[in-house]
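Structure first, commentary second.
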Number of protein chains: 2
Amino acid sequence: MLAATRRDLLLERLRTDGRLVAKDLALELGLSEDSIRRDLRDLAAAGLCTRVYGGALPISPATGDYAARTTVATESKRRVAAHAASLITRGSTVILDGGTTTLELTRAIPTGLECDVITHSPTIAAALLDHAASVYLIGGTLFKHSAVATGAAAAEMAQRVSAELFFLGVVGIHAEAGLTTGDPEEAAMKRLLASRAADTYVLGSSEKLGAAARHAILPLDEVTAIIADPSDGADLGALEQHAQVIRVP
Amino acid sequence: MLAATRRDLLLERLRTDGRLVAKDLALELGLSEDSIRRDLRDLAAAGLCTRVYGGALPISPATGDYAARTTVATESKRRVAAHAASLITRGSTVILDGGTTTLELTRAIPTGLECDVITHSPTIAAALLDHAASVYLIGGTLFKHSAVATGAAAAEMAQRVSAELFFLGVVGIHAEAGLTTGDPEEAAMKRLLASRAADTYVLGSSEKLGAAARHAILPLDEVTAIIADPSDGADLGALEQHAQVIRVP
DNA sequence: CACGTTCTTGCACGTTCGTGCGGTATCTTT
DNA sequence: AAAGATACCGCACGAACGTGCAAGAACGTG
């Protein structure tokens with residue numbers, strides 16, 4: 001077998017099995033483990049797999065949505081979340097949207113900070129259990145994909161609250177498409193929550209900038225500001241023509 | 001199995017079970033507890049879990065006293081929870097109370113079981129995210145100590161639901177004092193939830209039997225049955241004069 | 001065809017990593 | 001306070017790793 005063919009076979013195996021074990025491959029292909037290791041080393045160097053002790057794994061660890069969840073918050077996400085958290089002052093009332101970025105924001109809130117938090121995300125509510133913040137949970141039908149309460153009951157409850165700040169998580173922030181997300185029901189809920197707060201801040205970690213999803217939440221000019229991380233050189237100029245952009249350092 | 005794969009598996013377990021027990025994992029994976037402990041230590045160092053005595057817990061659900069209690073799911077609690085979970089049938093609607101025992105019940109529900117769950121506990125709602133069950137979350141003011149929504153808004157929402165089963169968690173089950181808990185507001189909420197279900201089952205792990213707290217929830221004769229674990233030789237006879245008692249094997 | 005170059009492969013060596021075990025320290029529970 | 005469970009530390013052993021080296025194959029060139 002050609003060495004190049006073998007590399008392809010390894011990659012295909014990696015796709016189907018989700019992992020490569022040096023020992024097994026050596027036995028199966030009738031080669032020494034050294035050769036397999038060399039292959040794995042080269043593939044890893046080419047950025048096609050991740051080398052681990054005993055074999056190799058795909059670049060994105062594991063499979064499916066599990067990967068999305070365990071993915072450690074990107075540095076960008078953390079920076080944006082930290083800055084957003086710094087806007088919360090003692091005694092203020094804030095609404096926290098659902099999502100991984102707002103969860104990161106929740107973790108960035110000082111444990112001892114006394115404030116009022118309103119959220120429709122049970123995940124965020126649970127994360128605030130050991131905080132001094134008092135929590136008002138908006139109930140309703142749980143939308144599994146993004147782990148937030150939605151529906152008529154949630155809307156009714158949301159309509160009765162009001163806050164100073166709303167931290168909005170989105171899927172995409174685009175100069176023309178505005179703020180977007182993947183589900184219409186979710187979009188409506190976000191819109192409603194925004195209407196219940198005096199100021200709305202959008203959490204714009206780098207992967208959101210320039211992206212757009214199917215369902216519009218709000219146009220850019222209806223939010224107070226976008227907290228954005230310009231580190232990847234995204235074009236913030238286009239956004240700034242429609243909304244105020246806060247650059248995190 | 002690759003060591004790296006094992007770490008991923010642990011993280012996935014952590015997400016589905018909400019906890020990792022070193023002893024069990026060692027037995028299940030055929031490794032020494034030391035290796036598992038090393039894994040847990042590394043994962044904790046990477047900020048992916050929180051190390052606790054006996055295993056590890058997710059980062060988010062706090063490190064406060066509530067989290068501490070979730071670790072020590074006694075064998076008794078597990079048995080009672082498992083039996084309670086077996087009462088839930090496909091397509092049925094159940095109300096789950098908050099608390100550590102009902103959280104254990106939640107984990108005992110088969111992931112693929114299609115049913116409707118109503119709960120006022122964000123922790124339980126979060127634990128059901130990867131289940132087939134559809135979840136209706138009752139919102140309201142979050143009562144930190146037991147991590148459930150209470151207050152007027154919660155009561156109003158609870159009044160509108162109805163279910164076949166209600167699984168009630170309590171602090172004490174006493175022949176004379178009846179079912180009791182530590183907070184009056186919480187007691188009222190439990191009472192209300194019980195009125196919304198056709199049948200109410202009390203989760204009576206061994207440490208509850210014979211105990212009594214300050215605030216009464218219901219007299220014993222107003223519940224369908226107490227699911228009790230008689231393993232520690234508690235006096236079930238006295239209870240049986242007031243309520244039906246289901247002994248778990 | 002002859003020769004040198006390059007690439008691949010397997011082996012040997014020292015190094016690193018993962019694992020289990022014994023001992024000791026610490027925590028939990030009675 | 002004592003007993004049991006759990007955790008951490010250091011050690012030893014084996015597996016996996018990387019490197020250097022030599023043998024062989026494939027290739028290009030004269």
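Just so we're on the same page: letters track the sequence lines, and every chain starts at 1.
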I36(A) CD1 - dT8(C) P separation (whole Å) | 14 Å
Could you tell me whether the phosphate oxygens of dG20(C), OP1 or OP2, come under 4.0 Å of any side-chain nitrogen or oxygen in S35(B)?
-> yes
Among V223(B), L105(B), I246(B), find the one that has a side-chain contact (heavy atoms from CB on, under 4.5 Å) with Y201(B).
-> I246(B)
Would you kindly give the CG-to-P distance between D24(B) and dT6(D), to the nearest whole Å?
-> 9 Å
Round to a whole Å and report the spacing from CG of L43(B) to P of dG18(C).
-> 13 Å
To the nearest angstrom, the CD-C1' distance between E33(B) and dG4(D) comes to 13 Å
Just the table, please: protein N/O against nucleotides 8-13 of chain D N/O, every pair under 3.5 Å.
from	atom 1	to	atom 2	distance (Å)
dC9(D)	N4	D34(B)	OD2	3.3

Whole angstrom value for the distance that separates P of dT6(D) from CG of L25(B) = 13 Å
To the nearest Å, how far apart are L29(B) CG and dG20(C) P?
-> 11 Å
In terms of side-chain geometry, is the basic nitrogen of R107(A) or E104(A) positioned less than 4.0 Å from the acidic oxygen of its partner?
-> yes
So, is K23(A) close to the dA15(D) phosphate, meaning a side-chain N or O under 4.0 Å from OP1 or OP2?
-> no
Does dC27(D) have a Watson-Crick or wobble partner in any strand here, with both distances under 3.5 angstrom, and which is it?
-> dG4(C)
Going by heavy atoms in the side chains, are L129(B) and L142(A) under 4.5 Å from each other?
-> yes
Considering only heavy atoms and no angle criterion, is a donor-acceptor pair shorter than 3.5 Å present between the side chain of Y53(A) and the base of dA15(D)?
-> yes
Spacing between L2(B) atom CG and dT19(C) atom C1', to the nearest angstrom | 15 Å
Inspect the contact between R191(B) and E222(B) and indicate whether a charged nitrogen and a carboxylate oxygen are less than 4.0 angstrom apart.
-> no
Would you indicate what V21(A) reaches in the nucleic acid, counting non-hydrogen atoms under 4.0 angstrom: base, sugar-phosphate, or nothing?
-> nothing
Taking the side chain of L31(A) as heavy atoms from C-beta outward, which of dA16(D), dT19(C), dT9(C) is closest to it?
-> dT9(C)
Short side-chain N/O contact from R7(A) to OP1 or OP2 of dT8(C), under 4.0 Å | no
Locate the shortest heavy-atom distance separating I124(A) from T106(A); write the atom from each residue and the value.
-> CG2-OG1, 3.5 Å
Counting only N and O atoms by type, is there a donor-acceptor contact under 3.5 Å from the side chain of T102(B) to the main-chain atoms of L96(B)?
-> no
Grab the CZ-C1' distance between R6(A) and dT8(C) for me, whole Å please.
-> 8 Å
In terms of heavy-atom contacts, P122(B) and A147(B) come closest through CD-O, 3.4 Å
